[in-house]
Amino acid sequence: MNTPKQFNTPRTLVRAFEENDLEDYWRLIEANRPRLEKDFPITVKNTLNKSATQNWILQKIFAWQQKESFSFLILEKTSARLVGQLTIKTIDWRIPKAELAYFIDADWTGQGLMTEVVRQGVKVCFEHLSLSKVYIRAAPDNIGSQKIAEKCGFKMEGLLKKDHRQSDGTLTDVIYYGLLAE
């Protein structure tokens, strides 16, 4: 297993976290914190200040080294601006399967960038990690994430009742999308 530290899509460079990513990552999280609170409560909790955010980045790097999860930052090529994150997580090497989790800056939604990134992320999962299944969990009201999953070939497998805890403690449903290796 040789997970690439970076990959490209037509409009993005997607690369592993680095220790010196604090300022750009902090800006991304701060600009999107209200949007992320519902679907990314752990990220929000671990990035409340710059010191905590630096520790979070180091945790991401360590998790990569341990092959527990693989977190990537998404940079738009033309501007070199950090616009999002893609993580391969909840890896079950026994099956083997993993979850793809992602978010994009509010200014870049609806432009197809995340669809490009998820397509390439799926290739990494199947070709480099040799996973047999990749899944996405989307909130029922997160139509954008549902559309990305469907455009990338994922099939809805069901609705998981009260399967996600938001930042405020509320338990919510998630739609489970799966994609099998060809």
* Does the side chain of L100 reach to within under 4.5 Å of the side chain of C125, using non-hydrogen atoms? -> yes
* Asked: If we ignore angles and hydrogens, is there a donor and acceptor under 3.5 Å between the side chains of T53 and T47?
  -> no
* To do: With F17 as reference, evaluate Y25, F62, W56 under the ring pair (Phe, Tyr, Trp, His ring centres under 6.0 Å) test and give the passing residue.
  => Y25
* Asked: Atom CG in N142, atom NZ in K38: separation rounded to 0.5 Å?
  -> 6.0 Å
* Any sub-3.5 Å donor-acceptor pair from N49's side-chain atoms to A52's backbone N or O? -> yes
* Structure fact -> Interatomic distance, CG@N46 vs CD@Q54, rounded to 0.5 Å, equals 13.0 Å
* Verify, without hydrogens or angle tests, whether Q146 (side chain) and A139 (backbone) share a donor-acceptor contact under 3.5 angstrom. => yes
* Keeping the roles fixed (side chain from N32, backbone from A106), state whether a donor-acceptor pair exists under 3.5 Å. => yes
* Side-chain heavy-atom pair D163, Y176 within 4.5 angstrom cut-off -> no
* To do: Over 60° means perpendicular and under 30° means parallel, so classify the ring planes of F70 and W93, tilted if in between.
  => perpendicular
* Pairwise side-chain contact, P4 with H128, heavy-atom cut-off 4.5 Å (strictly under) -> yes
* Counting only heavy atoms not in K77, do more than 12 sit closer than 6.0 Å to its NZ atom? -> yes
* To do: Please indicate whether E19 has more than 12 foreign heavy atoms, meaning atoms of other residues, nucleotides or ligands, lying under 6.0 Å from its CD.
  => no
* **Check: V117 and Y102 side chains under 4.5 Å, non-hydrogen atoms** => no
* Taking the side chain from S79 and the backbone from R81, do they hold a donor-acceptor pair closer than 3.5 Å? -> yes
* Check: F72 main-chain N/O paired with Q6 side-chain donor or acceptor under 3.5 Å -> no
* To do: Kindly say whether T78 contributes a backbone atom to a donor-acceptor pair with the side chain of R11 at under 3.5 angstrom?
  => no
* Asked: Is any side-chain heavy atom of K60 less than 4.5 Å from a side-chain heavy atom of Q85?
  -> yes
* Asked: Quick check: does any side chain N or O of H164 sit under 3.5 Å from a backbone N or O of A138, one acting as donor and the other as acceptor?
  -> no
* **Flag, side chain of R119 to backbone of K151, donor-acceptor distance under 3.5 Å** => yes
* **Separation between CZ of F103 and OG1 of T43, rounded to the nearest 0.5 Å** => 6.0 Å
* Structure fact -> For I91 and I88, the nearest pair of non-hydrogen atoms, with its separation, is CD1-O, 4.1 Å
* **Interatomic spacing from CG in L22 to CG in L58 - rounded to 0.5 Å** => 9.5 Å
* Between the side chain of D173 and the main-chain N/O of K162, is any donor-acceptor distance below 3.5 Å? -> yes
* Structure fact -> When every non-hydrogen atom of V118 is compared with those of C152, the smallest separation belongs to CG1-SG, 3.7 Å
* Structure fact -> For I136 and S145, the nearest pair of non-hydrogen atoms, with its separation, is CG2-OG, 4.3 Å
* Any side-chain heavy atom of D105 within less than 4.5 Å of one from E76? -> no
* Which atoms form the tightest heavy-atom contact between W26 and L48, and what is the distance? -> CH2-O, 3.6 Å
* 4.5 Å side-chain heavy-atom contact, M114 and I74 -> yes
* To do: Look up atom CD1 in I57 and atom CD in E18, then write down how far apart they are to the nearest 0.5 Å.
  => 10.5 Å
* Asked: Atom CG of L86 and atom CZ of R15: how far apart are they, to the nearest 0.5 Å?
  -> 13.5 Å
* Asked: Would S132 and L180 satisfy side-chain contact (heavy atoms from CB on, under 4.5 Å), going step by step from the backbone distance to the final call?
  -> CA-CA 6 Å; S132 61; L180 301 175; over 6 Å; no
* Presence of salt bridge, E30 and R33, under 4.0 angstrom -> yes
* Asked: Is Y177 close to E150 at the side-chain level, that is, under 4.5 Å between some pair of heavy atoms?
  -> yes
